[in-house]
Each structure stands twice: as structure tokens, then as C-alpha cells.
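Below is one structure, written out as C-alpha cells, with a few remarks after it.
For the single chain, residues carry numbers from 1 onward in sequence order.
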Amino acid sequence: MLVHPSSIDLSTRTLRFLAGQLTARRRDIGTRWRRLPVARQALLALAHPRCGDTYAQLAAGFGIGIATVYRYIREAIEVLAALAPTLTEAMKTIRTQALVILDGTLLPIDRIAADTPYYSGKHKRHGMNVQVLTDPFGRLLWASPALPGSTHDLTAARQHGIIDALAAAGLNCWADKAYQGAGRPVRVPFRGRHLKQWKRRHNTTHAKIRCVGEQAMATLKGWRLLRKLRCSTNRITNIVKAVLVLHHASA
């Protein structure tokens with residue numbers, strides 16, 4: 001296999017952050033020796049989600065076995081996921097915002113037609129549903145655990161307790177038509193084809209505010225691993241949490 005140098009569009013600050021967490025992890029479990037020093041493991045663990053490199057590609061590039069690559073990446077993801085804020089913790093930051101934007105996204109997975117729970121009728125593909133909260137400037141604040149793609153956005157928001165948390169905090173929240181019926185804390189556009197002029201104006205203003213949230217979706221999809229996940233669905237929640245922590249560490 002040919003090997004060539006490449007680059008990762010992340011700052012050294014992100015690398016140092018992950019290396020620090022992995023150093024603490026090795027100290028806690030009493031690791032004495034490994035094939036890669038901690039900085040190289042951190043670089044390996046960043047290359048996988050950011051660039052979407054496969055285990056085989058990374059094994060060849062770093063001169064280690066595929067099984068070792070798997071262990072190193074899984075360890076890094078678990079360490080990062082443990083640092084991700086819960087919804088309760090995130091609400092402390094969200095309360096300082098003038099408003100919050102709620103949206104859902106589908107993370108594509110490699111499942112076959114028989115896996116009905118993971119098939120999204122809206123997107124016409126298999127995936128995992130993730131709910132995202134962003135600030136008025138489109139900055140990613142919190143991402144939910146992943147649910148099967150067939151889960152409706154409103155159902156997912158209720159299941160994660162997002163609607164109740166927003167109501168308790170008294171926050172103004174903007175969302176799309178998928179959240180119709182969420183209740184007072186969530187503002188959605190009017191539905192229908194023949195709307196009165198004032199309703200159309202309302203929808204236009206609403207769309208201008210809500211579209212900023214698409215920047216957070218672009219932030220998630222900037223991690224190429226999330227564009228097509230080929231791992232077990234049980235690991236996707238930890239991957240999303242790890243990406244959220246890395247995003248905040250590099251901000």
C-alpha cells in the first residue's frame with residue numbers, strides 16, 4: 001500500500017486538548033508502554049472522524065496494526081464522549097442566549113432495506129436522527145443522543161426532554177414545521193399553501209432566523225465520518241458527543 005503525507009484542517013489547540021485527555025487516561029489506567037506516543041494517538045484519533053480515513057489507511061500511515069488503530073480510536077472517542085455536556089448542563093449556557101434554534105439532522109448509515117427502524121421516509125435513506133441546539137449566530141451548543149432514523153423530529157425532541165427543558169427555562173426557540181404541536185416554547189412557521197399576507201411575512205421572518213441553524217449542521221457534516229457512518233449504531237451517540245467536545249475545544 002502506498003503512503004503519502006496529508007493534512008487535517010484542525011488547529012494544534014485541538015490536538016493538544018485531546019493529547020492532554022489521553023495522557024490523563026493513560027495515567028489513570030497505569031499504561032507503561034504503547035506502540036504510539038500520546039501525541040501520535042491523538043493525531044490518529046482526529047484523522048479518523050475529521051478526514052474519514054479507514055482503519056486500513058490509518059494503520060498503513062502510522063505503521064501499526066488495524067486492531068491497534070481500532071482500540072486507539074475507540075479509546076479516544078470514549079474519553080471525549082465522557083466530557084460532553086448533558087442537556088441539563090448545556091441549558092446553563094443556553095439560558096444566556098436571547099433565543100435558541102432547534103433542528104434535527106439525519107446521519108447516514110450503511111444499513112440495508114430490511115432495517116426498517118433506521119429508514120427515514122423524509123430523507124429516503126437509512127440513518128440516525130440527531131437533534132441539535134444552536135445559538136442565534138449558528139454556533140453549535142448541544143447535540144442529542146442518536147435515535148433510529150424513522151423517529152420523527154418532534155418525537156425525538158420530546159424523548160430527549162428538550163421541549164420540557166426549554167419551557168422550564170422560559171426560552172424562545174425557533175424550529176421548522178416538523179415541530180408543529182411542540183407547544184409554547186417552540187415557534188414554528190404557519191402551514192398551508194394559501195396563507196394570508198401577514199402569515200407569509202411571518203414565515204419569511206421566521207425562516208431568516210431559523211436558517212442560521214444550518215451552520216451548525218454544516219459544522220457536524222464537516223467531520224467526514226458523520227457523512228456516512230459504517231460502524232455499529234450503538235457507537236454513533238459517542239461519536240457525536242466526541243465531535244461536539246472537539247468542536248467546543250477548538251472554538
> After noting the C-alpha distance and the side-chain angles of Thr134 and Gln215, does the key distance pass the side chain to side chain contact (heavy atoms under 4.5 Å, CB included) rule?
Replying inline: CA-CA 9 Å; Thr134 65; Gln215 296 179 25; over 6 Å; no
>> Is there a side chain to side chain contact (heavy atoms under 4.5 Å, CB included) between Leu246 and Leu46? Walk through the geometry before answering.
In response: CA-CA 9 Å; Leu246 288 173; Leu46 289 174; 3.7 Å; yes
> Does the pair Asn238 and Arg74 meet the rule for a side chain to side chain contact (heavy atoms under 4.5 Å, CB included), with working shown?
Replying inline: CA-CA 9 Å; Asn238 274 355; Arg74 183 158 189 168; over 6 Å; no
> Going through the distances and angles, do His48 and Leu225 end up as a side chain to side chain contact (heavy atoms under 4.5 Å, CB included)?
Replying inline: CA-CA 7 Å; His48 180 58; Leu225 182 64; 3.8 Å; yes
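With a 4.5 Å cut-off on side-chain heavy atoms, Pro136 and Gln97 count as touching. At a threshold of 4.5 Å between non-hydrogen side-chain atoms, the residues Cys231 and Ile236 count as touching. The shortest side-chain heavy-atom distance between Trp142 and Thr86 does not fall under the 4.5 Å cut-off. Annotation: side chain of Val240 is in contact with side chain of Leu107 (closest heavy-atom distance under 4.5 Å). Asn203 has its side chain within reach of Leu195: a pair of non-hydrogen atoms, C-beta onward, lies under 4.5 Å apart. Under the 4.5 Å side-chain criterion, counting only non-hydrogen atoms from C-beta, Asp153 is in contact with Lys122.
Listed here is the closest heavy atom pair of His202 and Val188: CE1-O, 3.9 Å. Contact record, Val186 with Ala175: CG1-CB, 3.6 Å, taken as the closest heavy-atom pair. Here the shortest heavy-atom pairing between Leu244 and Pro85 reads CD2-CD, 4.1 Å. Considering all non-hydrogen atoms of both residues, Leu147 and Gln159 come closest at CD2-NE2, 3.8 Å. Across all non-hydrogen atoms, the minimal contact from Val212 to Lys208 is CG2-O, 3.8 Å. Shortest non-hydrogen contact noted between Leu83 and Phe17 is CD1-CZ, 3.9 Å.
Separating the CG atom in Leu58 from the CG atom in Asp53 is a distance of 5.0 Å, to the nearest 0.5 Å. Atom CG of Asn172 sits about 9.5 Å away from atom CD1 of Ile209, to the nearest 0.5 Å. If you take NZ on Lys177 and CD on Gln180, they are separated by 8.5 Å, rounding to the nearest 0.5 Å. The distance from atom OH of Tyr72 to atom CG of Leu43, rounded to the nearest 0.5 Å, is 13.0 Å. One distance of note links CG of Asp176 with SG of Cys211; it measures 12.0 Å at 0.5 Å rounding. Summarising the geometry, atom CD1 belonging to Ile239 is positioned 4.5 Å from atom CD1 belonging to Ile77; distances are rounded to the nearest 0.5 Å.
Residue Met217 is not grouped with residue Leu106 when hydrophobic side chains (ILVMFWY) are merged at heavy-atom distances under 4.5 angstrom, including chains of intermediate members.
Although no hydrogens or angles enter the test, the distance criterion places a donor-acceptor pair under 3.5 Å between the side chain of Lys124 and the main chain of Gly121. Remark: side-chain polar atoms of His248 are paired, donor with acceptor, to backbone N or O of Leu140 under 3.5 angstrom. For the pair Thr204 (side chain) and Arg200 (backbone), a donor-acceptor distance under 3.5 Å is present. Under the 3.5 Å distance criterion, the side-chain polar atoms of Thr12 are left unmatched by any main-chain donor or acceptor of Leu15. Of the possible donor and acceptor atoms, one in the side chain of Asp135 sits under 3.5 Å from a partner among the backbone N and O of Arg139. Checked by atom type and distance alone, the side chain of Ser150 pairs as donor or acceptor with a backbone atom of Pro117 at under 3.5 Å. Remark: the backbone N or O of Ile64 is not paired with any side-chain donor or acceptor of Arg35 at under 3.5 angstrom. Panel note: side chain His126, backbone Tyr118; no donor-acceptor pair is recorded below 3.5 Å. Of the possible polar contacts, none joining the Thr31 side chain to the Arg27 backbone as a donor-acceptor pair under 3.5 Å is found. In this structure, Thr155 contributes its side chain and Thr151 its backbone to no donor-acceptor pair below 3.5 Å.
A cation-pi arrangement is absent between Arg210 and Trp174 under the rule of less than 6.0 angstrom and at most 45 degrees off the ring axis.
Residues passing the side-chain contact (heavy atoms from CB on, under 4.5 Å) test with Ala157 are Leu102, Gln131, Ile162, Ile163, Tyr179, sequence neighbours excluded. Considering only residues two or more places apart in sequence or on other chains, Arg25 meets the side-chain contact (heavy atoms from CB on, under 4.5 Å) condition with Ile29, Glu75, Val79.
Side-chain contact, His123 with Ser120: a donor N or O sits under 3.5 Å from an acceptor N or O. Judged purely by distance below 3.5 Å, without hydrogens or angles, the side chains of Gln41 and Arg26 pair a donor atom with an acceptor atom.
For CZ of Arg125, the number of neighbouring non-hydrogen atoms (other residues, nucleotides, ligands) closer than 6.0 Å is 12 at most.
Contact check on Asp110 versus Lys228 returns no salt bridge, with no Lys/Arg side-chain nitrogen under 4.0 Å from an Asp/Glu carboxylate oxygen.
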